[in-house]
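These notes concern the structure reproduced below.
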There are 2 protein chains.
Amino acid sequence: MRADEPPRTLADSIRAAGLKVTAPRLAVLRVLDQAPHSTAERLFATVRAELPSTSLQAVYGVLAAFTAAGIAQKIEPAGSPALFERRVGDNHHHIVCTRCSAVHDVDCAVGQAPCLTPAHASGFAVHTAEVTYWGLCPDCQAATSASPSLLSAPAPLSNKGAR
Amino acid sequence: MRADEPPRTLADSIRAAGLKVTAPRLAVLRVLDQAPHSTAERLFATVRAELPSTSLQAVYGVLAAFTAAGIAQKIEPAGSPALFERRVGDNHHHIVCTRCSAVHDVDCAVGQAPCLTPAHASGFAVHTAEVTYWGLCPDCQAATSASPSLLSAPAPLSNKGAR
DNA sequence: CAGTTGTTTTGAGTCAATCAAAACAGCAGA
DNA sequence: TCTGCTGTTTTGATTGACTCAAAACAACTG
């Protein structure tokens, strides 16, 4: 279980979060590392390939535990199912392709906490600012400028790994 | 049809958008005006009170037509069903209460299009930046500071009108 | 190595939203 | 004013994403 790949550190970060180390958790964490911004369904499919007994509910359970423990994070871009990523704690943002739904990370634009202070917060005590950029990814820019008419958009909602 | 209230303009804006003026559409638009950031379900409940024959699907249909025509807009804060508002075209943002889910509008923080240029857009052609602030609304600040233990949070996901 | 507690499996159910066909109603033209 | 075309709404079914709950199971503690 350690001859081939990266592990050990994965187990450690799970343990460090106060969680029991289990096969499904290791698998989900590894896949999350390789393919950030994955849906639960996608993680399930990948995990299941190497650990066939895993259930979808287990994946949801693992993800819930990870996010509660702070070693993973959930993002929910409009129009798509929830995505998960390991990168957590640094307030970074996301850019989503409106054509193929690819998601990339974006570091804070200004300083460290941009936009954290809205002009008028209506008396709210703001503690987080979440920015989502929408646009066309390089691939889709090429695709649309090449043949603007043939809008053969690649399956919008399926989450394409953030290449 | 103009003696009592605001109307006339509602029908006009529907017509101006190239849509047929119908009772469900007028009703939805009026309610949307009175209670911005409403869910389809909530609009349905309110509309149905004055127009009992209206179906939920009709409301979804009306909202789809409105958003496609650009006279209404859909926002989808994480963890809550889609919300709709008439305010459209000015890129404003939203602040959501993490306790009661109340939503308020927030004008652009910096200039007119804040954060529109991320530090590194990974080659994306950005065309929109959407900011969601999360925090505690005044009511919930009062409630939690008064009795931090008695976390009697008022039904989180039901969308509380933005007072 | 046995117990306890936390995980996962299995199975059912919920909520929000979408799809499709048939009934219906605006609105433009006769 | 009436007729029809076309776009809307109703009715009813279905999907997708996620949650709940009970029972089987497996990590870690002692």
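The chains referred to below are lettered A, B, ... by the order of the sequence lines, with proteins before strands, and numbering in each begins at 1.
The closest donor-acceptor contact from the side chain of A/His104 to the backbone of B/Ser122 lies at 3.5 Å or more, if one exists at all. A donor-acceptor pair is defined here as one N or O able to donate and one able to accept, closer than 3.5 Å; such a pair exists between the side chain of B/Asn91 and the backbone of B/Ala129. For the pair B/Glu130 (side chain) and A/Thr132 (backbone), a donor-acceptor distance under 3.5 Å is absent. No side-chain donor-acceptor contact under 3.5 Å links A/Glu85 to the backbone of A/Pro36.
At the heavy-atom level, B/Ser55 lies under 4.0 Å from base atoms of the strands shown.
Direction of the helix axis in the helix from C/dC1-D/dG30 to C/dA30-D/dT1 shifts by 30° between the two five-pair termini, rounded to 10°.
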Taking only nitrogen or oxygen atoms into account, show me every contact under 3.5 Å that the protein makes with nucleotides 22-24 of chain C, one pair per line with its distance.
none

Heteroatom pairs (N/O) under 3.5 angstrom, protein to nucleotides 3-5 of chain D:
none

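B/Leu10 places a side-chain heavy atom less than 4.5 Å from the side chain of B/Arg86. Under the 4.5 Å side-chain criterion, counting only non-hydrogen atoms from C-beta, B/Cys140 is in contact with B/Cys97. Contact of the A/Pro24 side chain with the A/Val47 side chain is not registered, since no non-hydrogen atoms from C-beta on lie closer than 4.5 Å. You'll find the side chain of A/Glu76 stays beyond 4.5 Å of the side chain of B/Glu76, heavy atoms only. No side-chain heavy atom of B/Leu26 sits under 4.5 Å from any side-chain heavy atom of B/Leu51.
In the region residues 56-75 of chain A, proximity to DNA chain C at under 4.0 angstrom, judged on heavy atoms, holds for A/Gln57, A/Ala58, A/Val62.
C/dC27 atom C1' lies 15 Å from atom CG of B/Asp12, rounded to whole Å. Following rounding to the nearest Å, A/Ile14 (CD1) and C/dT7 (P) show an atom-to-atom distance of 11 Å. One atom, CD of A/Glu76, and another, P of C/dC15, lie 18 Å apart when rounded to the nearest Å. Per the geometry, CG belonging to B/Leu26 stands 10 Å off P belonging to D/dT9, to the nearest Å. Atom CG in B/Leu43 sits about 14 Å away from atom C1' in C/dA17, given to the nearest Å. Atom CZ in B/Arg15 sits about 17 Å away from atom P in D/dG7, given to the nearest Å. If you take CZ of A/Arg42 and P of D/dC18, they are 15 Å apart, rounded to a whole angstrom.
Contact between A/Leu56 and A/Phe44 at its shortest, heavy atoms only, is N-CE1, 3.3 Å. Considering all non-hydrogen atoms of both residues, A/Ala17 and A/Ile71 come closest at CB-CG2, 3.7 Å.
Here B/Ser53 reaches the OP1 or OP2 of D/dT10: one of its side-chain N or O atoms lies under 4.0 Å away. Phosphate contact (OP1/OP2 of D/dT9, side-chain N/O of B/Arg25, threshold under 4.0 Å): present. Checking the phosphate oxygens (OP1, OP2) of C/dT8, a side-chain nitrogen or oxygen of A/Thr22 falls inside 4.0 Å.
Listed by chain and residue number, B/Arg30 satisfy the side chain to side chain donor-acceptor pair (under 3.5 Å) test with B/Glu50 (two or more places apart in sequence, or in another chain). Looking at residues two or more places apart in sequence or on another chain, you find no ring-ring contact (aromatic ring centres under 6.0 Å, His included) involving B/Phe66.
For the residue pair B/Asp105 and B/His94, a side-chain donor N or O sits within less than 3.5 Å of a side-chain acceptor on the partner.
In terms of position on DNA chain C, the residue among B/Ala82 and B/Leu19 whose nearest nucleotide sits closer to the 5' end is B/Ala82.
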